[in-house]
Amino acid sequence: MDYKELSELIFPNVKDISYYEEKYPERNLPEGAVVTRFAPSPTGFVHIGGLYQALVARTIAQKTKGVFFLRVEDTDQKREVENGVTGIVNSLKDFDMAPDEGMISDTEEIGKYGPYKQSLRKEIYQAYAKYLIQQGKAYPCFCKPEEVEEIRQKQENAKIRPGYYGVWAKCRNLTVEEMAEKIKQGENYIIRFKSPGREDRKIKHKDIIKGNVDFPENDQDIVIIKADGLPTYHFAHAIDDHLMRTTHVIRSDEWLSSVPLHLQLFQELGFKAPKYAHISPIMKNDNGGKRKLSKRKDPEAAVEYYKKEGIPADAVKEYLLNIANSTFENWRRANPNAKMEEFDFQLNKMSVSGALFDMIKLLDIGKTVISKMTAEEVYEKSLEWAKEYDEELTEMLKNEEYALKVFGIERGNKKPRKDISKWSDVKENIKYMYDDKFFGEIQEYPYQPAISDKESIEKILKLYIEKYYDENDDKQTWFDKIKELTTEMGYAGEVKEFKANPGMYKAHVGDVSTVLRVALTSRTNTPDMYEIMQVLGKDRVIKRLENQINANS
RNA sequence: GGCCCCGUGGUCAAGCGGUUAAGACACCGCCCUUUCACGGCGGAGUCAUGGGUUCGAUUCCCGUCGGGGUCACCA
């Protein structure tokens, strides 16, 4: 009995690895092209950190004319969630980040390097496990979980490094005959990697993001094939990223400490190792401490959240890109209208430590992104959002022609308004432009300062209707008339005059405008009032002003 | 606990031996504006700490402290 026969005994029906090596050849890509992947496990929803990784991976692949693919890591059946793959695929689509290759639905995929779902690659992993066994680089381990636990307990009590290694690796030194015998007896086993490493030796690793990192070599005989015949993450990673010809593994930095193992696996398998870029996680401030954004505690950890809130996908991406390369915002200021794909993204400029998630900044980016849109785009996107999340808003937007007018207020000029940061803001933002909402709301006079007595307010409104308002006035005339009204009331026609002569005037033109604005919109903060009045039209303007007069008396 | 990584204003961060230590968000003030917003101008605020090395350390070395990661038949 030798290793070869042992390998036959364990995996009698798998192909030779040469088959796979030929089936998945080196990719024919331009010089410098980078192949990256997003490799989540379908355990529910996509985490914002996952989206971040995917964005980075996709951006760098795109920049180098390489390939970005989606691989599903579903080797843990216990954690699997129904529709997990669909959720991932859809989330990427929501952010306009569909992969070049890989899974495109729960069951379909595109690309020649598949299957892209690990559970479908069982035979491939086994072929390579067999290959290792043949060379004596892997072996069956018959230890029961309780035994392994017992070993760990002993090690812990003796305060020595825990794990399955060296003298503690009981099965590593079984003879081939003993192994074969146990298998024939029907004993359960798993396959372990026979690590050639020594803990007292160091290996050097140069990570694209983290830089030079030294580790002790790996000496753990880790499990590569589990009892269910599926591989562990580490083994699958080595096989898949080799066979899929990944050049750059971009993943969360929780994997950094596994690098010695991974490098060793690539080495023993005879593969060329990929380059690694370990990304720092996005953190959250938690009572003074930092912690990773948690799916359980933080709603904003799930990418679904952004969709529900109506934060534009581009805003999320720009924010993330900004965390990735802080030079992004300088670039953005210099190129306000360029596509973000044109930004010269640098993997090695990424921060080494984890950034705290800043919702305020994200929303600020949202404002800017939306402010650059045309009325048509704003209409289209908010309607799309409303259809899914807000029935009332959908109803409001039914009249497209009117909605476009409303969204067109102070938009499309050089200094557009920035008062919508997310689609869920839209309703509050335009509500008062709809009569049923406007008159339906409880009208409270929210403005308390200079002009607050009912008589003055009533006088202003009446005068305005009777003497000054003309819907055909151009903006300058319109405003001049408000100034005239102000003067007639005995207030300061110019704000400067008001400020220059403290105590001389009770109010100024701004205060009068505010009275009109409140009557017209029931709020003190609105876009340009002239434009609002144009959109409202004469009848509705007068009706609203009269309504205020009546409410007053 | 072992191993590994990190520590510049409230937050994200440029910087990599000599800088008035960029910029963005947030904050404050002023200007512009009919108000708010936008925009413009200005302001406050930072190199965790103690030792070295050096003519000179935010930058280099060591310790301390603080934060994070990892030590599964989970990924």
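A note on names: the letters A, B, ... follow the listed sequences, proteins ahead of strands, and every chain is numbered from 1. A quick note: this is a predicted structure, and the numbers were derived from the prediction, not measured.
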### Query
Should A:V509 and A:F498 count as side-chain neighbours, where that means a heavy-atom distance under 4.5 Å?
no

### Candidates B:C73, B:C74, B:A24 - which lies nearest the side chain of A:E329
B:A24

### Query
What integer number of Å spans the C1' atoms of B:G9 and B:A14?
14 Å

### Message
Exactly one of A:Q118, A:K117, A:H237 should register a side chain to side chain donor-acceptor pair (under 3.5 Å) with A:E73. Which one does?
### Response
A:Q118

### Task
Would you mind classifying the nucleic acid contact of A:S513 as base, sugar-phosphate or nothing, using non-hydrogen atoms under 4.0 angstrom?
base

### Task
Sticking with atom P, work out how far B:C16 lies from B:A72, rounded to a whole angstrom.
42 Å

### Task
Give A:F215 one of three labels, base, sugar-phosphate or nothing, depending on what nucleic acid heavy atoms sit under 4.0 Å from its own.
sugar-phosphate

### Query
Contact class for A:K202 vs. all strands (heavy atom < 4.0 Å): base, sugar-phosphate, or nothing?
sugar-phosphate

### Query
Looking only at atom P, what distance separates B:G2 and B:C25, rounded to whole Å?
44 Å

#### Entry: Phosphate-side-chain proximity, A:K418 and B:G39, N/O vs OP1/OP2 below 4.0 Å
yes

### Task
Mind checking A:A227 for me? I need base, sugar-phosphate or nothing, with any heavy atom below 4.0 Å counting as a touch.
base

### Message
If you assign each of A:E199 and A:H234 to its closest nucleotide in RNA chain B, which residue comes earlier from the 5' end?
### Response
A:E199

### Task
Kindly say if A:K210 contacts the phosphate of B:C4, meaning a side-chain N or O under 4.0 Å from OP1 or OP2.
no

### Task
Check the pair A:R291 / A:D298 against salt bridge (charged side-chain N to carboxylate O under 4.0 Å, His left out), numbers first and verdict last.
CA-CA 11 Å; A:R291 51 153 240 259; A:D298 314 307; 2.4 Å; yes

### Task
Over 60° means perpendicular and under 30° means parallel, so classify the ring planes of A:Y233 and A:H262, tilted if in between.
tilted

### Message
If the threshold is 4.0 Å, N to carboxylate O, is there a salt bridge linking A:E494 and A:K483?
### Response
yes

### Task
Measure from CG on A:D253 to C1' on B:C71 and round the result to the nearest Å.
15 Å

### Query
Would one find a side-chain N or O of A:T232 under 4.0 angstrom from OP1 or OP2 of B:A72?
no

### Task
Looking only at side-chain atoms of A:P162, point me to the closest of B:U34, B:C71, B:C5.
B:C71

### Message
Please classify the nucleic acid contact of A:P416 as base, sugar-phosphate, or nothing, using heavy-atom distances under 4.0 Å.
### Response
sugar-phosphate

### Nearest-neighbour nucleotide for the A:V213 side chain, B:U35, B:C4, B:G67 considered
B:C4

### Touch class at under 4.0 angstrom, heavy-atom based, for A:I190 against every strand present
base

### Gap between atoms CG and C1', on A:D358 and B:A24 respectively (whole Å)
10 Å

### Query
Counting only heavy atoms not in A:N188, do more than 12 fall under 6.0 Å of its CG?
no

#### Entry: Donor-acceptor contact present, side-chain A:T36 to main-chain A:A57, <3.5 Å
yes

#### Entry: Distance in angstrom units between A:Q77 CD and B:A72 C1', rounded
16 Å

### Task
Could you tell me whether A:E329 and A:K361 have a side-chain N and a carboxylate O separated by less than 4.0 Å?
yes

### Check ion pair A:K154-A:E150 (N to O, under 4.0 angstrom)
no

### Query
Counting heavy atoms not belonging to A:E123, are there more than 12 under 6.0 Å from its CD?
no

## Note on the structure
note: A:Y276, atom OH; B:C5, atom C1'; distance rounded to Å ~ 18 Å

### Task
Whole angstrom is fine here: how far is it from CZ in A:R161 over to P in B:A72?
12 Å

### Message
Suppose you measure atom C1' in B:U46 against the same atom in B:G15; what distance do you get, rounded to whole Å?
### Response
13 Å

#### Entry: Near-ring test A:Y125/A:F11, centroid separation under 6.0 angstrom
no

### Query
Just checking A:D419: base, sugar-phosphate only, or nothing, at a heavy-atom cut-off of under 4.0 Å?
nothing

### Task
Taking atom P in both B:U64 and B:C3, compute the distance separating them and give it to the nearest angstrom.
12 Å

### Message
Regarding A:D528, tell me which of base, sugar-phosphate or nothing describes its non-hydrogen contacts under 4.0 Å with the strands shown.
### Response
base

### Task
Indicate, yes or no, whether a donor-acceptor pair under 3.5 Å links the base of B:G69 to the side chain of A:E254.
no

### Message
Looking only at the side chain of A:L256 (C-beta and beyond, no hydrogens), which of the listed nucleotides B:U35, B:C4, B:C6 gets closest?
### Response
B:C4

### Query
Between B:A75 atom C1' and A:K117 atom NZ, what is the distance in whole Å?
16 Å

### Task
Applying salt bridge (charged side-chain N to carboxylate O under 4.0 Å, His left out) between A:D241 and each of A:R251, A:K275, A:R71, report the one that passes.
A:R71

### Task
Answer with base, sugar-phosphate or nothing: what part of the nucleic acid does A:R417 contact at a heavy-atom distance below 4.0 Å?
base

### Summary
Applying the Watson-Crick and G-U criteria (both distances under 3.5 angstrom) with [ ] for crossing and | for other-strand pairs, one obtains for RNA chain B ((((((((.[[[..)..(....]]].(((((.......)))))....[[[[[..)....]]]]])))))))....

### Query
Reckon A:K159 touches a base, only the sugar-phosphate, or nothing at all at heavy-atom distances under 4.0 Å?
nothing

### Query
Looking only at atom C1', what distance separates B:C47 and B:G40, rounded to whole Å?
31 Å

### Query
A:K292 has an atom NZ; how far is it from atom C1' of B:C5, in whole Å?
13 Å

### Task
Kindly say if A:K361 contacts the phosphate of B:A13, meaning a side-chain N or O under 4.0 Å from OP1 or OP2.
no

### Query
What nucleotide among B:C73, B:A75, B:G67 has an atom nearest to a side-chain atom of A:K290?
B:G67

### Task
Look at the side chain of A:K226 against the base of B:C73 and say whether a donor-acceptor pair falls under 3.5 Å; ignore hydrogens and angles.
no

### Query
With a 4.0 Å cut-off on heavy atoms, is A:S371 in touch with a base, just the backbone sugar-phosphate, or nothing at all?
nothing

### Query
Which is true for A:M283 with a 4.0 Å heavy-atom rule: it touches a base, it touches only sugar-phosphate, or it touches nothing?
sugar-phosphate

### Query
Within the pair A:S351 and B:A13, is there a side-chain N or O less than 4.0 Å away from OP1 or OP2?
yes

### Task
Assign A:R333 to base, sugar-phosphate, or nothing according to its heavy-atom contacts below 4.0 angstrom with the strands shown.
sugar-phosphate

### Task
For A:H508 and B:U33, give me the distance from atom NE2 to atom P, rounded to whole Å.
13 Å

#### Entry: 5' priority, RNA chain B, between A:K475 and A:P145 [closest heavy atom]
A:K475

### Span that lies between the C1' atom of B:U20 and that of B:U54, in whole angstrom
24 Å

### Message
Can you identify which nucleotide, out of B:A75, B:A26, B:U34, has its nearest atom closest to the A:V509 side chain?
### Response
B:U34

### Query
OP1, OP2 of B:C32 versus side-chain N and O of A:K496: anything below 4.0 Å?
yes

